[in-house]
Amino acid sequence: MRFNYCPRYGDQLLSSQGDILKKMEEWPKHYNPKEIEPRWQNKWLSREFWEKVIRFQDSDTRPVFFIDTPPPFTSGELHMGHAYWVTIADAMTRFKILQGYNVLIPQGWDTQGLPTELKVQYRLGIPKENRELFLKKCVEWTEEMIGKMKSAMMRLGYRPNWEQFEYRTYSAEYRAIIQRSLLDMFNKGMIKMRKGPVYWCPKCETAVAQSEVGYLEKQGILAYISFPLKEGGEIVIATTRPELLGATQAVAVNPEDERYKNLVGKVAIIPIFNKEVRIISDPAVDKEFGTGAVMISTYGDPQDIKWQLKYDLPVDEMIDERGRMKGTGFLDGLKVEEARKKIVEMLKQQGFLKKLEGLTHNVLSHTERSDCQSPIEFLVKDQVYISVLEFKDRLLSEMKKMTFKPSRMAYYLQEWINNMEWDWNISRQRVYGTPLPFWHCENLHLVPADPSSLPVDPTKSSPPLEKCPHCGLPLKPVTHVADVWVDSSVTVLYLAGFYNNKERFAKAFPADVRLQGTDIIRTWLFYTFFRTLMLAGDVPFKRVLVHGQVLGPDGTRMSKSKGNVVSPMDRIEEYGADAIRMTLLDAAIGDDFPFKWDTVRGKKLLLQKLWNASRLAYPFISKRKVERPEKPHVLDVWVLNEHRNFVERAISAYENQDFYVVLSMLYNYFWEIIADEYLELIKHRLFSDDQSAIYTLSRILKDIVIILHPIAPHITEEIYSKLFGDKESVLMEKLPSVSDIPSDQEAVRIGNEVKEINSAIRTKKVSMRLSMNSPVKVKLIGSLSFVEDIRKVEEDLKKTLKITQMTYEINDSSRPIIEVEPDQPMGV
RNA sequence: GGGCCCGUCGUCUAGCCUGGUUAGGACGUUGGCCUUACAAGCCAAAGGUCCUGGGUUCAAAUCCCAGCGGGCCCA
């Protein structure tokens with residue numbers, strides 16, 4: 001019944017068409033990622049697949065491609081940001097495998113640190129004092145979290161080389177490398193223990209590094225306090241931290257400030273504490289802020305530290321490790337905020353408070369830990385430092401060896417290096433961390449562990465020497481553990497085998513790509529760059545990809561308080577990992593972009609389209625070897641020209657990590673040209689077993705499937721196995737080559753003309769309210785060359801557009817005119 | 001206070017570096033249509049002061065300057 005309108009096909013063909021349609025029914029009508037995806041994930045994780053595709057062999061002759069991926073902190077949650085870089089890393093990996101590289105794709109876990117300690121301490125109720133048990137529970141917790149995150153990664157289709165390059169920063173093997181790197185730096189004279197002001201987080205009760213702090217806007221106060229002058233009169237200073245009044249060491253004014261010029265050098269008396277301090281002038285004082293007079297206390301902010309050093313001022317410690325006051329008498333034991341209120345009250349009562357205003361200002365805070373954010377204090381401590389400042393110039397010149405995508409990201413690193421003011425304090429007063437492999441004496445001389453003893457815990461082992469070689473004093477273990485960035489800044493050295501695999505190191509170092517987010521430029525990127533350069537004498541990687549942030553659906557940063565947090569796992573069953581991956585990759589590297597499930601749905605529709613096109617092709621091309629025809633049909637030549645363009649541009653987009661370009665080509669090449677135009681044009685030839693059409697369709701589909709595989713690995717494996725299946729996996733194929741397709745401008749012209757006629761006739765049918773299927777008579781009016789072109793494809797146009805009669809008229813018009821009228825209406 | 005990025009149909013964006021189509025696509029909206037894959041579809045339509053103002057130019061979404069708005073980083 002459906003084929004009644006072509007009665008000239010005999011019964012023979014009819015039944016063969018029936019067979020074809022029956023065969024098509026073998027292919028499920030709807031694409032079901034929930035069923036397909038886990039199946040392929042299991043295959044990829046099989047030992048056999050690993051051996052054939054993923055395994056990294058040092059002796060391999062293929063060129064190495066090494067991607068340094070972020071070891072995420074083991075929180076247990078795989079959030080959208082993780083899903084994002086996981087997808088980028090996986091797509092790069094698959095592309096490079098297809099391109100014939102020996103890919104080194106690791107996955108590590110940043111395991112140590114405060115958040116885990118807090119979980120174990122508070123959620124499991126294990127006391128820190130029981131060090132053995134505490135550490136054991138930390139590791140157990142870590143492993144549980146890794147398990148959760150790993151299965152989510154796998155569900156996204158991520159396939160790093162778990163077998164060879166999965167690592168945990170707490171493991172003995174990895175720790176030994178960390179400690180070894182510290183011994184090396186010590187031997188280069190870069191590591192020292194000394195007393196000095198440190199950034200201190202009172203909530204976390206540990207020192208932190210400059211890179212872990214940042215400014216947050218907070219509500220505070222500005223107190224105007226009168227300091228009487230010894231010789232009579234007063235000077236009024238403004239401060240946001242009146243609780244540090246007792247630690248005031250001087251009063252400073254700007255040398256240009258006419259108001260205070262005659263007071264410089266005089267002595268002021270600190271109210272309540274009755275201590276005498278000098279009034280000095282310094283250009284760093286802001287005349288406009290407050291009264292233009294500032295109290296220098298030890299320590300209220302980083303500027304105080306600079307002044308203390310510059311003027312060699314005495315130091316009073318008034319805040320303890322838990323953020324409570326000390327050494328003041330009447331304020332002792334109070335929290336900083338409480339002390340602030342109390343002293344303001346006292347100043348007010350005694351008449352020293354001139355004014356009190358509210359102030360929104362930037363407060364130095366522990367920003368690197370999203371669950372802390374509390375204000376930072378400065379404490380004086382014995383800490384272990386790595387020298388950084390003296391290498392600034394070298395760092396600035398060596399960083400030019402790395403290319404950045406996007407290029408502006410190099411500025412962030414450069415700015416950070418330029419503005420560094422502190423050496424790197426690597427001591428953390430915590431338990432779950434890499435022990436610093438040193439002992440020290442009373443004079444803070446460090447004695448390193450024996451390299452053969454690594455990994456070592458100095459609190460449990462005896463030092464390699466009896467006494468300090470410098471001063472003969474007894475040795476004590478350094479009880480601090482290393483900053484976690486000490487752990488993660490040797491990923492490249494560890495993976496490339498710097499310390500234990502010369503053969504691999506020679507081939508794999510420096511890594512080809514470092515992948516990471518903007519937020520860890522001054523930490524992971526900087527420290528890896530710095531440490532690798534110092535230890536191995538070269539930059540750690542050739543190229544740095546700095547991706548942006550995945551924002552919530554409302555276009556703002558995801559946060560629990562805003563309730564706009566989206567997790568990739570929320571609707572993965574419904575849309576599939578492939579569609580999620582495509583959504584994440586549809587943005588330029590470095591851009592922030594909002595994540596919306598509606599967009600994911602759109603990507604799934606694109607995959608459904610590919611699925612259906614494959615379904616159509618299935619009865620004709622499945623597992624058939626069709627030779628390239630001697631004289632291909634002109635429309636096949638046209639589409640192969642389009643195809644060549646697509647393949648070349650897609651490969652170059654992959655080379656530049658511009659995945660969104662590949663995706664946009666799927667829309668305007670695959671969907672618009674292949675699905676909407678070409679498939680319609682060749683249906684009649686497919687059904688009459690035309691070799692040229694079958695060859696062409698088979699080839700372009702296979703190429704498209706391979707090209708799309710890095711982005712949407714599951715569906716492409718499924719289609720490949722059903723249509724082609726020459727290999728067990730797409731990853732065993734090679735990237736398509738299109739060098740055999742000659743450019744043919746005539747075919748391209750005809751193809752474009754056909755598209756225009758197609759569109760014109762469809763438009764007319766719509767305006768006449770005809771179904772696409774209804775027969776029409778068409779008259780084409782155009783130039784001689786146009787008419788000659790169209791005559792070559794007349795048969796195709798007639799079959800495709802249900803044209804019963806086609807007539808031509810030649811004129812000189814530049815634009816052809818197309819007249820359409822319905823053949824007698826059907827079924828009336 | 002300094003630096004960087006972004007501002008394009010209702011929404012998300014491509015194009016900007018290297019000036020010249022009718023500013024392209026997706027989602028949404030509207031109308032029509034069961035067509036040898038696909039109604040989770042097809043065909044088509046509507047929808048844009050390219051943030052504002054100035055400048056350069058034969059020509060500006062694109063280059064330059066100023067401003068406004070949003071975001072990020074640093075001090």
Side-chain angles (χ1 to χ4, degrees), chain A residues 2-3 5-6 9 13-14 16-18 20-21 24-25 27 29-32 210 213-215 284 286 288-289 301-303 362 364 367 406-416 418-421 518-519 521-522 548-549 551 553-557 575 582-583 586-588 590-620 658 660-661 663-668 671-672 675-676 679-680 682-688 758-774 799-802:
Chain A
R2 303 181 83 165
F3 306 111
Y5 60 85
C6 15
Y9 289 136
L13 251 176
L14 244 172
S16 118
Q17 284 173 340
I20 287 165
L21 293 173
M24 210 176 277
E25 293 302 318
W27 190 295
K29 206 164 178 176
H30 289 301
Y31 147 63
N32 181 6
Q210 188 187 357
V213 302
Y215 286 86
D286 182 356
E288 311 299 323
F289 186 80
D301 61 44
Q303 185 58 43
N362 291 324
L364 197 63
T367 46
S407 57
R408 66 173 183 273
M409 294 300 175
Y411 288 112
Y412 293 126
L413 180 62
Q414 195 182 321
E415 280 281 294
W416 174 247
N418 269 323
N419 293 323
M420 274 188 314
E421 292 185 326
T518 326
D519 50 333
I521 288 178
R522 56 184 188 152
Q549 267 194 5
L551 306 171
D554 58 350
T556 68
R557 197 189 276 222
Y575 295 120
M582 290 166 86
T583 306
D586 199 11
D591 285 358
D592 296 347
F593 60 95
F595 185 94
K596 303 181 182 190
W597 287 110
D598 249 5
T599 317
V600 182
R601 218 187 94 238
K603 300 298 183 241
K604 191 186 175 191
L605 294 179
L606 174 59
L607 293 176
Q608 178 70 55
K609 193 75 190 173
L610 179 68
W611 183 259
N612 291 329
S614 307
R615 183 173 190 260
L616 167 67
Y618 177 65
F620 305 106
D658 288 328
Y660 72 97
V661 171
L663 284 164
S664 86
M665 281 193 289
L666 282 170
Y667 281 101
N668 47 36
W671 200 318
E672 282 177 23
D676 292 347
L679 289 181
E680 295 300 331
I682 64 166
K683 272 178 188 169
H684 74 277
R685 286 194 287 137
L686 289 176
F687 277 86
S688 54
N758 235 332
S759 174
I761 293 175
R762 283 163 171 171
T763 308
K764 299 260 165 146
K765 283 192 177 178
V766 166
S767 68
M768 288 187 283
R769 301 194 150 212
L770 293 173
S771 86
M772 288 300 138
N773 206 19
S774 46
K799 294 263 172 61
T800 305
L801 296 163
K802 311 292 178 268

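Just so we're on the same page: letters track the sequence lines, and every chain starts at 1.
M772(A) comes within 4.0 angstrom of a nucleotide base, judged by non-hydrogen atoms across all strands. Residue contacts shown for A617(A) are absent, as no nucleic acid heavy atom lies under 4.0 Å away. E680(A) comes within 4.0 angstrom of a base, heavy atoms only. Residue contacts shown for N362(A) include a base, since a base heavy atom lies under 4.0 Å away. Using a 4.0 Å heavy-atom criterion, one finds that W597(A) contacts no nucleic acid atom at all.
Between N668(A) and Y215(A), the residue anchored closer to the 5' end of RNA chain B is N668(A), taking for each the nucleotide with the nearest heavy atom. Judged by closest nucleotide on RNA chain B, A675(A) is the one of A675(A) and K604(A) placed further toward the 5' end.
Under a cut-off of 6.0 angstrom, the local environment of OH in Y667(A) is crowded, with over 12 non-hydrogen atoms contributed by other residues, nucleotides or ligands.
By the side chain to side chain contact (heavy atoms under 4.5 Å, CB included) test, F593(A) is found to be paired with Y84(A), V550(A), L584(A), A587(A), residues two or more places apart in sequence or in another chain being considered. Legend: residues meeting ring pair (Phe, Tyr, Trp, His ring centres under 6.0 Å) with Y660(A), ordered by chain and number and at least two apart, are absent. Judged as a salt bridge (Lys or Arg N to Asp or Glu O under 4.0 Å), and not counting sequence neighbours, the contacts of K683(A) are E680(A). Every residue two or more places apart in sequence or in another chain was checked for a salt bridge (Lys or Arg N to Asp or Glu O under 4.0 Å) with D286(A), and none qualifies. Remark: P302(A) pairs with Y215(A), L364(A), F378(A) by the side chain to side chain contact (heavy atoms under 4.5 Å, CB included) rule, at least two apart or across chains.
Regarding contacts with the backbone of U35(B), a side-chain N or O of S771(A) is found under 4.0 angstrom from either OP1 or OP2. Dashed line: the shortest gap from a side-chain N or O of K765(A) to OP1 or OP2 of G32(B) is not under 4.0 Å. OP1 or OP2 of A44(B) lies within a sub-4.0 Å distance of a side-chain N or O belonging to S759(A). Side-chain nitrogen and oxygen atoms of R762(A) include none within less than 4.0 Å of the OP1 or OP2 phosphate oxygen of C42(B). Of the side-chain N and O atoms in N773(A), one or more sit less than 4.0 angstrom from OP1 or OP2 of U35(B). The side chain of K29(A) places no N or O atom within less than 4.0 Å of a non-bridging phosphate oxygen (OP1 or OP2) of G41(B).
What separates NE2 of H30(A) from P of A37(B) is a distance of 14 Å, to the nearest Å. With rounding to whole Å, R522(A) atom CZ is found 14 Å from C72(B) atom P. Rounded to whole Å, the distance from OH on Y575(A) to C1' on A40(B) is 11 Å. Between the C1' atom of U13(B) and the OH atom of Y660(A) lies a distance of 11 Å, rounded to the nearest Å. A straight line from CH2 of W611(A) to P of G41(B) spans 16 Å, rounded to a whole angstrom. Between the NZ atom of K764(A) and the P atom of U35(B) there is a distance of 22 Å, rounded to whole Å. Remark: P of U36(B) and NZ of K799(A) are 14 Å apart, rounded to the nearest angstrom. Separating the CG atom of L364(A) from the P atom of C73(B) is a distance of 14 Å, rounded to the nearest angstrom.
Between F620(A) and F687(A), the ring-plane angle classifies as perpendicular under the 30° and 60° cut-offs.
The separation of A59(B) from G47(B), taken at their P atoms, amounts to 29 Å, rounded to a whole angstrom. Rounded to whole Å, the separation between the C1' atoms of C51(B) and U62(B) comes to 15 Å.
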Restricting to nitrogen or oxygen on both sides, can you table the protein-nucleotides 3-12 of chain B pairs closer than 3.5 Å?
| unit_1 | atom_1 | unit_2 | atom_2 | d |
| --- | --- | --- | --- | --- |
| U11(B) | O2' | K596(A) | NZ | 2.6 |

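At a cut-off of 3.5 Å, with distance as the only test, a side-chain donor of D554(A) or T556(A) sits close to an acceptor on the other residue.
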